[in-house]
2 protein chains.
Amino acid sequence: MFSIGDLSRRTGVKVPTIRYYEQMGLLEAAERSEGNQRRFGKRELERLAFIRHARDLGLTIESIRELIDLSGHAEKPCADADRIAKEQLASVRDRIAQLKRLEKELERIALCCTGETVGDCHVIRALSNHALCATDH
Amino acid sequence: MFSIGDLSRRTGVKVPTIRYYEQMGLLEAAERSEGNQRRFGKRELERLAFIRHARDLGLTIESIRELIDLSGHAEKPCADADRIAKEQLASVRDRIAQLKRLEKELERIALCCTGETVGDCHVIRALSNHALCATDH
DNA sequence: ACAATATCTCTAGTGGCTGGAAGTCTAAGG
DNA sequence: CCTTAGACTTCCAGCCACTAGAGATATTGT
Ligand SMILES: [Zn+2]
Ligand SMILES: [Zn+2]
Ligand SMILES: [Zn+2]
Ligand SMILES: [Zn+2]
């Protein structure tokens with residue numbers, strides 16, 4: 001049995017975050033020691049590692065909750081799990097595309113200042129006027 | 001003179017957001033009508049457009065505050081403005097790099113499920129075990 | 001036995017808004 | 001001039017996914 005600190009060290013998830021996940025229903029309410037401290041087993045360790053990994057991949061708590069619910073039903077079709085992963089991929093791709101547009105504009109804005117004072121700073125002027133931008137962002 | 005609604009329509013910034021910016025000190029406390037409603041002029045319109053544009057480019061409220069403070073001192077060197085823009089560019093590039101790593105892993109995870117049930121779903125298995133991942137993310 | 005460390009619960013704060021409730025003001029139509 | 005619809009006011013709560021702190025209790029090591 002692990003204490004919450006042991007679990008934290010083994011998974012890299014901070015102690016208050018573990019408690020938060022319990023509160024959010026991602027982890028079941030843990031067993032307790034005589035003195036009311038949480039005690040976890042291998043199963044909980046694995047589930048927390050799953051949560052950690054999914055969070056690292058950017059999935060929301062809500063998606064993770066769905067995936068955990070699903071994984072309790074090994075015989076069901078996995079279409080929902082696949083859908084969640086694909087949606088996450090699509091959302092990551094959207095964010096990349098958006099950030100790339102930003103990157104382009106910021107390059108134009110940030111790397112071209114030849115001014116010396118605020119009065120003729122390219123950065124300030126470019127920020128003041130979106131019409132100078134090459135794209136909508 | 002514009003009402004807050006006029007200003008909102010002209011800049012595309014929602015009414016509560018304009019009030020929020022005032023509260024955060026990005027906009028000076030506006031003049032008021034006899035009945036205590038905010039009234040804005042051209043100057044405030046321009047400043048709000050600046051804020052909107054900077055937010056669209058991903059700058060934080062704090063950075064925008066600095067830029068506004070700077071732009072009140074036309075004779076100062078613009079190194080700080082340039083630094084803020086460059087830092088933002090660097091941060092956008094970091095996020096892109098991070099998201100691309102995620103994209104790679106998610107492609108591997110999301111596009112390769114040939115299973116039919118949750119029990120043999122590639123998505124669930126891949127999320128359960130980061131050792132199967134090609135990169136740290 | 002005692003000190004040091006870990007854990008407990010509870011509350012509040014982060015950033016950047018967004019929404020709602022309840023009350024007040026303004027502008028246009030009659 | 002009066003009505004009334006709509007816009008405006010303030011204040012407070014909620015979003016996400018934590019993070020930090022206070023003050024009390026439990027466990028661990030010497
Ligand atoms: Zn400059
Ligand atoms: Zn622009
Ligand atoms: Zn599958
Ligand atoms: Zn991984």
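Predicted model only: the values in this text are computed from it and were never measured. Sequence lines set the chain letters: A, B, ... in the order given, protein chains first and strands last, and positions in each chain run from 1. Only heavy atoms go into these numbers, but all of them, side chains included; no hydrogens, no water, no symmetry mates.
- For the pair B:Y21 and C:dG16, the criterion of a side-chain N or O lying under 4.0 Å from OP1 or OP2 is not met.
- Distances shorter than 4.0 Å separate some side-chain N or O of B:R38 from OP1 or OP2 on D:dT9.
- Residue B:I4 contributes atom CD1, which lies 14 Å from atom C1' of C:dC25 at whole-angstrom precision.
- Within residues 50-61 of chain B, no residue has a heavy atom under 4.0 Å from DNA chain D.
- Rounded to an integer number of Å, the gap from CG of B:D6 to C1' of D:dC8 is 12 Å.
- The distance from atom CD of A:E22 to atom P of C:dT7 is 14 Å, rounded to the nearest whole Å.
- A side-chain N or O of A:R101 and one of A:Q98 form a donor-acceptor pair less than 3.5 Å apart.
- For residues 40-63 of chain A, the set of pairs meeting the ring pair (Phe, Tyr, Trp, His ring centres under 6.0 Å) definition, not counting sequence neighbours, comprises A:H53-B:H130, A:H53-B:H137.
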Pairs under 3.5 angstrom only: tabulate donor-acceptor contacts from the side chains of residues 119-126 of chain B to other protein residues two or more places apart or in another chain.
| from | atom 1 | to | atom 2 | distance (Å) |
| --- | --- | --- | --- | --- |
| B:D120 | OD1 | B:E116 | N | 3.4 |
| B:D120 | OD1 | B:T117 | N | 3.3 |
| B:D120 | OD1 | B:T117 | OG1 | 3.3 |
| B:H122 | NE2 | B:R108 | O | 3.2 |

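- A donor and an acceptor atom, one from each side chain of B:T135 and B:E105, are located under 3.5 Å apart.
- Applying the ring pair (Phe, Tyr, Trp, His ring centres under 6.0 Å) test to every pair with at least one member in residues 68-104 of chain A, sequence neighbours left out, gives no pairs at all.
- Within the 4.0 Å cut-off from OP1 or OP2 of C:dT7, at least one side-chain nitrogen or oxygen of A:S3 is found.
- What separates CZ of A:R32 from P of C:dA6 is a distance of 19 Å, to the nearest Å.
- When rounded to the nearest whole Å, the span between CE of A:M1 and P of C:dT7 equals 15 Å.
- Considering every non-hydrogen atom in both A:Q88 and A:L57, the closest pair reads NE2-O, 3.1 Å.
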When the side chains of residues 20-29 of chain A are checked against the rest of the protein, which donor-acceptor pairs come out under 3.5 Å, sequence neighbours left out?
| from | atom 1 | to | atom 2 | distance (Å) |
| --- | --- | --- | --- | --- |
| A:E22 | OE1 | A:R38 | NE | 2.9 |
| A:E22 | OE2 | A:R38 | NH2 | 3.4 |

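- Atom pair A:L7:CG and C:dC8:C1' shows a separation of 16 Å (rounding to whole Å applied).
- Dense packing is recorded around CZ of A:R32, with more than 12 heavy atoms of other residues, nucleotides or ligands lying under 6.0 Å away.
- Between B:E107 and A:R93 there is a salt bridge, with a side-chain nitrogen of the basic residue lying less than 4.0 Å from a carboxylate oxygen of the acidic one.
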(request) Would you give a per-nucleotide map of nucleotides 19-30 of chain D, 5' to 3', where B means the base has a protein non-hydrogen atom under 4.0 Å away, S means only the sugar-phosphate does, and - means neither? (result) S------SS---
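- Per the geometry, CD1 belonging to B:I18 stands 14 Å off C1' belonging to C:dT18, to the nearest Å.
- Spacing between atom CD of A:E62 and atom C1' of D:dA17 amounts to 13 Å, rounded to whole angstrom units.
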